[in-house]
J.: 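Take a look at this one; I'll ask things after.
Order of the sequence lines sets the chain letters (A, B, ...), proteins ahead of strands, with each chain counted from 1.
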2 protein chains.
Amino acid sequence: MARPRKFDIDQALSQAMHLFWERGYEGVSLTDLSSAMNINKPSLYAAFGDKEQLFRRAVELYDTSTGLPAEHALAEAATAREAIERVLRLNAADYTADGRPAGCMIVLAATLGQVENERVRSFLARCRANGEEALRRRIERGKAAGELGADVDAAALAKFYTTVLQGMSIQARDGAGRETLDEVVDAAMAAWPGKASQP
Amino acid sequence: MARPRKFDIDQALSQAMHLFWERGYEGVSLTDLSSAMNINKPSLYAAFGDKEQLFRRAVELYDTSTGLPAEHALAEAATAREAIERVLRLNAADYTADGRPAGCMIVLAATLGQVENERVRSFLARCRANGEEALRRRIERGKAAGELGADVDAAALAKFYTTVLQGMSIQARDGAGRETLDEVVDAAMAAWPGKASQP
DNA sequence: TCCATTTTGTACCGATCTGTACAAAATTAA
DNA sequence: TTAATTTTGTACAGATCGGTACAAAATGGA
């Protein structure tokens with residue numbers, strides 16, 4: 001019915017995701033988006049709403065596409081230790097992959113900024129909290145399976161590995177390659193609570 | 001000589017530092033600075049140059065004031081392990097102190113952003129590299145003192161603890177308190193290379 | 001063919017951005 | 001008092017920001 005749109009909406013969203021991922025929410029203007037997506041602004045608004053709505057949809061796309069392998073790794077690894085390590089290594093590779101922006105979009109795309117964009121920042125903060133919570137649940141599962149002593153604080157351990165992941169995003173932006181981040185993961189895994197994995 | 005300025009230049013710079021620290025380089029406008037510092041824009045330009053120059057001076061002020069205790073800790077701790085741990089604990093406290101912005105200004109104030117501000121970002125990236133390098137040198141010193149085996153990679157270890165510190169800035173912005181960050185430090189120190197500290 | 005409907009492109013809106021021109025005001029030196 | 005010098009405040013410039021009004025263009029249905 002009526003005039004058809006000349007662009008593919010999923011492909012356009014993917015381009016928006018890449019732009020926001022590369023430069024962050026405030027680093028990308030509507031004019032940038034409009035020209036990169038080859039969609040003029042009124043069409044952009046008609047398809048996605050305002051800038052914030054477009055950003056949120058881009059983040060959701062990022063979260064599901066990039067986050068899916070990590071969820072699989074978390075769910076299917078035999079032990080909590082292996083699950084965490086696989087997530088770290090997966091992200092070490094993702095953060096440094098060729099042809100895409102370095103680091104994690106959810107960590108980097110809206111850290112500090114103008115007061116008026118607080119909603120966007122807290123949206124990403126919630127996404128980060130969800131990730132940390134997923135790690136915590138997996139560690140709890142390991143505790144329940146007897147892999148870890150009852151004295152191990154799953155929340156603290158999840159917080160630690162989340163912190164390492166978040167630091168890895170900064171490092172990736174600063175030019176660290178995959179091998180470098182893998183060495184960071186080596187060190188981080190050495191902190192896994194001690195020698196109770198073979199009881 | 002001539003009309004005296006009505007503001008104290010160090011105090012004004014300190015206010016600029018706090019603003020940039022709280023909201024980042026692109027999150028603060030000249031109008032924000034002008035009204036917060038109670039200096040009108042022409043005076044601001046006469047005293048500090050343009051926005052980028054003002055930011056760089058604010059970062060230098062941050063780096064020397066906040067970084068000084070950390071340098072002391074690095075230099076004076078008896079062992080590399082103690083030095084690194086003291087730096088981490090110091091920053092855990094700083095990042096969560098009342099009355100000041102959470103996290104590290106050098107990590108947070110210019111992550112992603114507009115293309116035109118790339119110079120500002122790479123300036124902060126160099127500051128981060130300097131911090132990492134300081135950790136590496138201290139670890140090398142520990143190796144030379146026989147605290148660590150010759151097989152320990154000082155650069156990799158410094159990279160790991162820098163990564164943790166950078167993640168801690170994100171966590172602090174996300175609301176983590178000092179006790180939480182101290183638990184992260186507990187975990188991070190558990191990764192210190194093994195049992196060679198008592199040879 | 002004509003109409004209803006939706007998208008497209010252009011051109012613009014008010015607000016805000018960094019940065020500055022310019023004259024009045026305030027000081028010291030003569 | 002007068003002149004030289006520097007700072008201050010106002011007011012504005014040019015560019016860009018997010019967002020939109022409006023008419024031409026392109027489709028399906030009657």
J.: Taking the minimum atom-to-atom distance to the side chain of B:R3, which one of C:dA24, C:dT7, C:dG9 wins?
T.: C:dA24
J.: Rounded to the nearest 0.5 Å, what separates atom CZ in A:R56 from atom CG in A:D50?
T.: 9.5 Å
J.: Are A:S43 and C:dT8 close enough that a side-chain N or O sits under 4.0 Å from OP1 or OP2?
T.: yes
J.: Return the nearest nucleotide to the side chain of B:Y45; candidates are D:dG19, C:dT8, C:dG19.
T.: C:dG19
J.: Between B:E140 and B:R137, is there a side-chain N and carboxylate O pair less than 4.0 Å apart?
T.: no
J.: Measure the distance from CD on B:E26 to P on D:dT16 and round it to the nearest whole Å.
T.: 15 Å
J.: To the nearest Å, give me how far apart CG (A:L33) and P (D:dG19) are.
T.: 11 Å
J.: Choosing from D:dG9, C:dC17, D:dG18, which nucleotide comes nearest the side chain of A:K51?
T.: D:dG18
J.: Could you tell me how far apart A:D8 (CG) and C:dT7 (P) are, to the nearest whole angstrom?
T.: 15 Å
J.: In this structure, how many angstroms lie between the C1' atom of C:dT6 and the CZ atom of A:F7, rounded?
T.: 12 Å
J.: Round to a whole Å and report the spacing from CD of A:E116 to P of C:dG14.
T.: 19 Å
J.: So, OP1 or OP2 of D:dG9: does either fall under 4.0 Å of a side-chain N or O from B:N40?
T.: yes
J.: Measure the distance from CD1 on B:I39 to P on C:dT18 and round it to the nearest whole Å.
T.: 16 Å
J.: Can you identify which nucleotide, out of C:dT8, D:dG18, D:dG9, has its nearest atom closest to the B:P42 side chain?
T.: D:dG9
J.: Is any side-chain N of the basic residue among A:E183 and B:K159 closer than 4.0 Å to the acidic one's carboxylate O?
T.: no
J.: When the nearest nucleotide of DNA chain D is assigned to B:Q114 and to B:K6 on a heavy-atom basis, which residue is associated with the more 5' position?
T.: B:K6
J.: Can we say B:D186 and B:R89 salt-bridge, meaning some charged N sits less than 4.0 Å from an Asp/Glu carboxylate O?
T.: yes
J.: Taking atom P of D:dG19 as reference, at what distance in whole Å does atom CG of A:L54 sit?
T.: 10 Å
J.: Identify whether the distance between the nearest side-chain nitrogen and carboxylate oxygen of A:R121 and A:E118 falls below 4.0 Å.
T.: yes
J.: Could you tell me the separation between the CG atom of B:L44 and the C1' atom of C:dC17, rounded to a whole number of Å?
T.: 15 Å
J.: If you compare every side-chain N and O of B:S29 against the phosphate oxygens of C:dC17 (OP1, OP2), does one of them come in below 4.0 Å?
T.: yes
J.: Checking all strands, does B:K41 fall into the base, sugar-phosphate, or nothing category for heavy-atom contacts under 4.0 angstrom?
T.: base
